[in-house]
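One structure is given below, encoded as structure tokens.
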Amino acid sequence: MSELRDLLVHTAHQIADHREATATMRVFPAVEPASLRTGFSGPLSAGPTAAAAVIEDLVAAAGPGLVATTGPRYFGFVIGGALNAATAADLLTTGWDQPAYNAVSAPAAAVVEEVSGAWLKELLGLPAAASFGFVTGAQAANTVGLAAARHYVLRAAGHDVERDGLAGAPRVRIVANAERHATIDRSLRLLGFGSALLEEVATDDDGAIDTEALRSVLASQPPGPTIVVVQAGNVNTGACDDLAAAVEVAHAHGAWVHVDGAFGLWAAASPSTRHLVTGIEGADSWGCDGHKWLNVPYDSGYVFCAHPDAHAAAMAYTAAYLALPGVDAVRGPGDYVPESSRRARGFATWAALRELGRDGVADLVAGCCALARRFADQLDVAEGVEVVNDVVLNQVLVRFGRGSDAERDATTDRVIAAVQRTGECWMGATTWHGMRLMRISVSNWSTTEADVDRSVAAILSCCTA
Ligand SMILES: *Cc1c(COP(=O)(O)O)cnc(C)c1O
């Protein structure tokens with residue numbers, strides 16, 4: 001075998017070894033950053049090192065610090081696993097190394113996005129005519145959606161923001177769910193909207209926007225350039241805003257509606273949860289992740305826009321050296337994203353969608369929700385354990401202990417730390433409505449009922465310890 005072939009085969013084995021081990025290894029490694037640092041550090045060598053030796057050193061240095069995020073008992077943040085075909089397609093993407101800017105730079109990468117984008121719209125119940133971009137994640141998707149919104153509402157007010165910037169522009173109102181994801185604020189910051197501009201709308205007990213409050217916030221000023229940000233999937237509770245009502249109220253006021261649906265948009269893909277996002281198709285832009293619930297490897301998000309011209313006006317650029325013959329034969333992926341050169345993200349998404357099929361995506365969503373309810377049902381009946389959210393999707397919030405709020409907060413933090421130390425499973429923590437809580441997210445295709453039961457046992461053993 002050639003040296004390269006040897007190296008790639010060896011690397012593939014390393015990947016397979018790691019992925020097989022995630023079902024049995026400690027979910028979070030018992031390692032100190034200082035010891036990881038030792039593995040990676042040393043002076044930068046002046047001369048070359050053989051590729052095989054570099055990879056051997058990398059595996060040795062990184063191995064002790066790897067988290068079993070692709071494994072079945074990782075329930076932190078909202079971290080999906082990585083489907084087998086999607087993982088292999090992502091390895092091919094690296095090997096092929098196609099710059100997915102347009103049909104001239106990477107024809108296959110451009111076409112696979114064209115096809116996968118249409119499949120995604122169908123699965124998510126979005127308008128077939130919507131434009132889309134394959135971005136790094138929901139942070140980027142929200143930024144692009146809000147950039148399209150900025151273009152659209154300012155153009156309607158007679159201002160060309162791409163040409164003239166925000167200086168001298170009419171004031172844009174930004175109205176958002178008070179429990180929006182923090183990335184919305186960063187997107188607004190990047191777009192030149194100060195955080196002081198944000199008008200927050202109160203929510204109901206589970207963190208979904210209060211439609212009447214939205215109506216009165218909007219009505220407090222006459223119609224003008226306005227962007228309303230709502231969400232499908234509250235990052236703590238999983239609650240989905242009433243999209244049909246929010247869209248109706250916002251559109252009556254002439255506002256653009258952006259939906260942050262990083263993981264919650266996938267509710268649309270299963271008959272069991274579709275009702276949570278009724279009215280989704282009426283919004284103006286949507287952000288969604290592939291690397292969370294669709295279980296595509298990291299670096300995968302999608303933005304969709306009901307106004308393709310506004311989307312392209314906000315994002316596209318060209319240069320003489322890019323406008324080559326044949327460039328218009330395929331939709332230009334680079335016209336809908338903020339990056340210029342970038343990874344050919346469509347291959348992994350195409351592979352995930354093919355691996356699962358429409359029914360498989362629906363089953364993945366319904367299955368994770370059922371497992372989240374299994375967590376909730378088993379934990380809520382235990383002594384000194386309380387599930388505090390309405391488990392409508394894949395998120396569960398758990399409070400531990402007895403006594404005062406402060407005592408319960410302290411017990412909750414202690415239990416979470418103890419569970420993390422067991423290595424049996426990994427759940428994060430959050431503060432929501434003034435309470436310290438364990439936050440469980442079920443987002444991995446490979447999690448089974450047995451994994452939930454084993455994790456519940458680990459949690460309950462930490463309560464009594
Ligand atoms: C995770 C998340 C984001 C940010 O997504 P990234 O993929 O981390 O960029 C935005 N909104 C919500 C609701 C999320 O859950």
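Here, residue 1 is the first one in the sequence, and each next residue gets the next number. Just so you know, these numbers come straight off a predicted model, no measurement behind them. Counting starts at 1 for both ligands and their atoms, following the listed order.
The main-chain N or O of Thr183 is found under 3.5 Å from a side-chain atom of His181 such that the two form a donor-acceptor pair.
Contact check on Glu32 versus Arg37 returns no salt bridge, with no Lys/Arg side-chain nitrogen under 4.0 Å from an Asp/Glu carboxylate oxygen. Taking 4.0 Å as the cut-off between side-chain N and carboxylate O, Arg374 and Glu449 count as a salt-bridged pair.
The distance from ligand 1 to the heavy atoms of Gly137 drops below 4.0 Å at these ligand atoms: 7 (O), 9 (O). Counting atoms of ligand 1 from 1 in the listed order, those under 4.0 Å from a heavy atom of Asp289 are 5 (O), 6 (P), 7 (O). For ligand 1, the atoms closer than 4.0 angstrom to any heavy atom of His291 are 7 (O). Close contacts between ligand 1 and Ala262 involve ligand atoms 2 (C), 3 (C), 10 (C), 11 (N), 12 (C), 13 (C), 14 (C), 15 (O) [criterion: under 4.0 Å to a heavy atom]. The ligand atoms of ligand 1 that sit less than 4.0 angstrom from a heavy atom of Gly233 are 13 (C). Each of the following atoms of ligand 1 lies closer than 4.0 Å to a heavy atom of Val235: 15 (O).
With a heavy-atom cut-off of 4.0 Å, Gln139 touches ligand 1 through backbone and side chain alike. When non-hydrogen atoms are compared, ligand 1 lies under 4.0 Å from the side chain of Phe263 (C-beta onward) but not from its backbone.
By heavy-atom distance, the residue among Lys292, Arg186, Arg180, Glu179 lying nearest atom 8 (O) of ligand 1 is Lys292.
Between the side chains of Ser340 and Tyr317, at least one donor N or O lies within less than 3.5 Å of an accepting N or O. Judged by distance alone, the side chains of Asp242 and Thr211 never bring a donor and an acceptor atom under 3.5 Å apart. Checking Asp241 against Gln231 by side-chain atom types alone, no donor-acceptor pair falls below 3.5 Å. No side-chain donor from either of His307 and Asp309 sits under 3.5 Å from a side-chain acceptor of the other.
Nearest protein neighbour of atom 6 (P) of ligand 1, counting heavy atoms only, is Ala138 N, 3.5 Å.
Ring pair Phe132/Trp286: centre-to-centre distance not below 6.0 Å.
At least one heavy atom of Asp260 sits closer than 4.0 Å to an atom of ligand 1.
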